[in-house]
There are 2 protein chains.
Amino acid sequence: MGIIRKTKAVTTVLQIFEEKNEAQSVVHLIELVKDKMNKTTVYRILDRLEADGIIHSFNGKDGLKWYAKCKGCSAEHHTDKHPHFQCTECDKVECLSIDIKIPTIKNHKVESTDILLTGRCEVCSI
Amino acid sequence: MGIIRKTKAVTTVLQIFEEKNEAQSVVHLIELVKDKMNKTTVYRILDRLEADGIIHSFNGKDGLKWYAKCKGCSAEHHTDKHPHFQCTECDKVECLSIDIKIPTIKNHKVESTDILLTGRCEVCSI
DNA sequence: GTTATTAATGCAACTGAGTCGCAAAACTAG
DNA sequence: CTAGTTTTGCGACTCAGTTGCATTAATAAC
């Protein structure tokens, strides 16, 4: 939706998502680019990228906000119903491509589904 | 686990969970008892009650912490795998008793499952 | 009931994520 | 290049949640 300009700051943020190819917490992102831009800018860029369907957000296990690149989402059609997995050891988050069936709940109109699994990731399982 | 004393403050908090019989955000709880006790006390009581398996916690849609009474949970055996539903209109949270199947994920040891559905609740669906 | 022990509380100060307003800088269209 | 609009930096702010420490209240032993 939003008219988004390709500024240096936007490019920098997008590059991180491209290179790392994994979900990033806002806190971590701010740390990564702290010499290049202000934290307010980071928050605002993430807002815009999400509004444009380029990334999606969710809350990690401690309530902090995380973002990840959308695969096959647009501003109109957000298929971000996939669950996330966060490791209790290293805190990393993975987007899972598994599909979890949510039954309909009578008298409730479910608009979004946030699923966060926590446990040991591949690396931390020894 | 924790040696828990039946203080006035603890009784007050527990009474709220009994009477209301629905999930409470910490912020709301603090507001409810602000004439009777300090907010630090509320946080600490909730911690203890959770450690004892009397209540369970989860994060609401905006990352705030919520608590609800456990039904059939103990300190050792926490069956808090049920999903929660939060209304986008009135913000209320319900514990759902539906069972959602989570497939096993290879090379991952899933330890807990947090599912938060958001949408319109019965009352707010008009 | 009194006393000793230990847990629970109050208070004030702090931390850290996220927001806001506004002036300055950077982008885009013409 | 210029005008119009978006984006950024900065500083101050909000608000949930935490911490340390001195004080108070609950429990257990007598």
Side-chain angles (χ1 to χ4, degrees), chain A residues 1-17 23-68 75 84 86 91 93 114 116, chain B residues 1-17 23-68 75 84 86 91 93 114 116:
Chain A
M1 281 283 112
I3 300 101
I4 210 165
R5 290 187 177 174
K6 293 267 169 60
T7 64
K8 262 181 237 166
V10 170
T11 311
T12 306
V13 171
L14 274 176
Q15 224 160 42
I16 292 172
F17 283 107
Q24 305 284 328
S25 73
V26 180
V27 175
H28 184 224
L29 268 172
I30 289 171
E31 180 63 27
L32 283 177
V33 299
K34 69 157 178 280
D35 297 326
K36 295 179 188 158
M37 72 192 83
N38 190 272
K39 70 168 178 169
T40 312
T41 305
V42 178
Y43 279 107
R44 291 193 276 220
I45 288 175
L46 293 170
D47 273 356
R48 271 179 275 147
L49 290 176
E50 185 176 27
D52 271 29
I54 298 168
I55 56 178
H56 64 272
S57 72
F58 56 94
N59 294 315
K61 63 182 163 61
D62 31 42
L64 295 194
K65 213 166 186 187
W66 285 68
Y67 284 89
H84 295 99
Q86 183 163 22
D91 270 14
V93 173
D114 285 295
L116 182 68
Chain B
M1 281 280 114
I3 300 101
I4 209 165
R5 290 186 178 175
K6 292 267 168 62
T7 63
K8 261 182 238 165
V10 170
T11 311
T12 305
V13 171
L14 274 176
Q15 225 161 42
I16 292 172
F17 283 108
Q24 306 283 329
S25 73
V26 180
V27 175
H28 184 225
L29 267 172
I30 289 171
E31 181 62 27
L32 283 177
V33 299
K34 69 156 179 279
D35 297 326
K36 296 178 187 158
M37 72 192 83
N38 191 273
K39 70 168 179 170
T40 311
T41 305
V42 178
Y43 279 107
R44 289 194 276 222
I45 287 175
L46 293 170
D47 272 356
R48 272 179 274 146
L49 291 176
E50 186 176 27
D52 272 30
I54 298 169
I55 56 178
H56 64 272
S57 72
F58 56 94
N59 294 316
K61 63 184 165 60
D62 31 44
L64 296 194
K65 212 165 187 188
W66 285 69
Y67 284 90
H84 296 100
Q86 183 164 23
D91 270 13
V93 172
D114 285 295
L116 181 67

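Per chain, numbering begins at 1; letters A, B, ... match sequence-line order.
Remark: K34(A) engages E31(A) in a side-chain hydrogen bond (donor to acceptor under 3.5 Å, both in side chains) (not counting sequence neighbours). Every residue meeting the side chain to side chain contact (heavy atoms under 4.5 Å, CB included) condition with T41(B), not counting sequence neighbours, appears here in chain and number order: A9(B), M37(B), N38(B), I45(B). Partners of K61(B) according to the side-chain hydrogen bond (donor to acceptor under 3.5 Å, both in side chains) rule, which considers only residues two or more places apart in sequence or in another chain, are D91(B). Remark: D47(A) engages Y67(A) in a side chain to side chain contact (heavy atoms under 4.5 Å, CB included) (not counting sequence neighbours). In this structure L14(A) satisfies the side chain to side chain contact (heavy atoms under 4.5 Å, CB included) test together with V10(A), L49(A), I54(A), sequence neighbours excluded. Annotation: side-chain hydrogen bond (donor to acceptor under 3.5 Å, both in side chains) contacts of D62(A) (sequence neighbours excluded): none.
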message = Could you walk me through whether Y43(B) and L29(B) satisfy the side-chain contact (heavy atoms from CB on, under 4.5 Å) test, starting with their C-alpha distance in whole Å, then the side-chain angles of each, then the deciding distance to 0.1 Å, before giving a yes or no?
response = CA-CA 10 Å; Y43(B) 279 107; L29(B) 267 172; over 6 Å; no
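Nearest heavy-atom pair across S57(B) and E50(B) is OG-OE2, 2.6 Å. Contact between W66(A) and A23(A) at its shortest, heavy atoms only, is CZ3-O, 3.6 Å.
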remark   = Heavy-atom contacts, protein to nucleotides 20-30 of chain C, under 4.0 Å, summarised as B (base), S (sugar-phosphate only) or - (none) per nt, yield BB----BBS--
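Straight-line distance from the CG atom of D47(A) to the P atom of dT6(D): 16 Å, rounded to whole Å. The CG atom of L46(B) sits 13 Å away from the C1' atom of dA16(D) (whole-angstrom rounding). Taking atom NZ on K65(A) and atom C1' on dC15(D), their separation rounds to 16 Å, with Å as the unit. Taking atom OH of residue Y43(A) and atom P of nucleotide dT14(D), one finds them 17 Å apart after rounding to whole Å. Between the CG atom of D52(B) and the C1' atom of dA7(C) there is a distance of 13 Å, given to the nearest Å. As a whole-Å value, the separation of D62(A) CG from dG16(C) P is 14 Å.
Along DNA chain D, the nucleotide nearest I45(A) and the nucleotide nearest V27(B) are compared for position; the residue whose nucleotide lies closer to the 5' end is I45(A).
For DNA chain C, the neighbouring residues in residues 28-39 of chain B, judged by any heavy atom under 4.0 Å, are K36(B), M37(B), N38(B).
One axis for each end of the helix from dG1(C)-dC30(D) to dG30(C)-dC1(D), each built from five base pairs, and the angle between them comes to 40° at 10° resolution.
Contacts classified as side chain to side chain donor-acceptor pair (under 3.5 Å) and involving residues 6-15 of chain A (residues at least two apart or in different chains) are not found.
H56(A) contributes atom NE2, which lies 3.5 Å from atom NE2 of H84(A) (distance to the nearest 0.5 angstrom).
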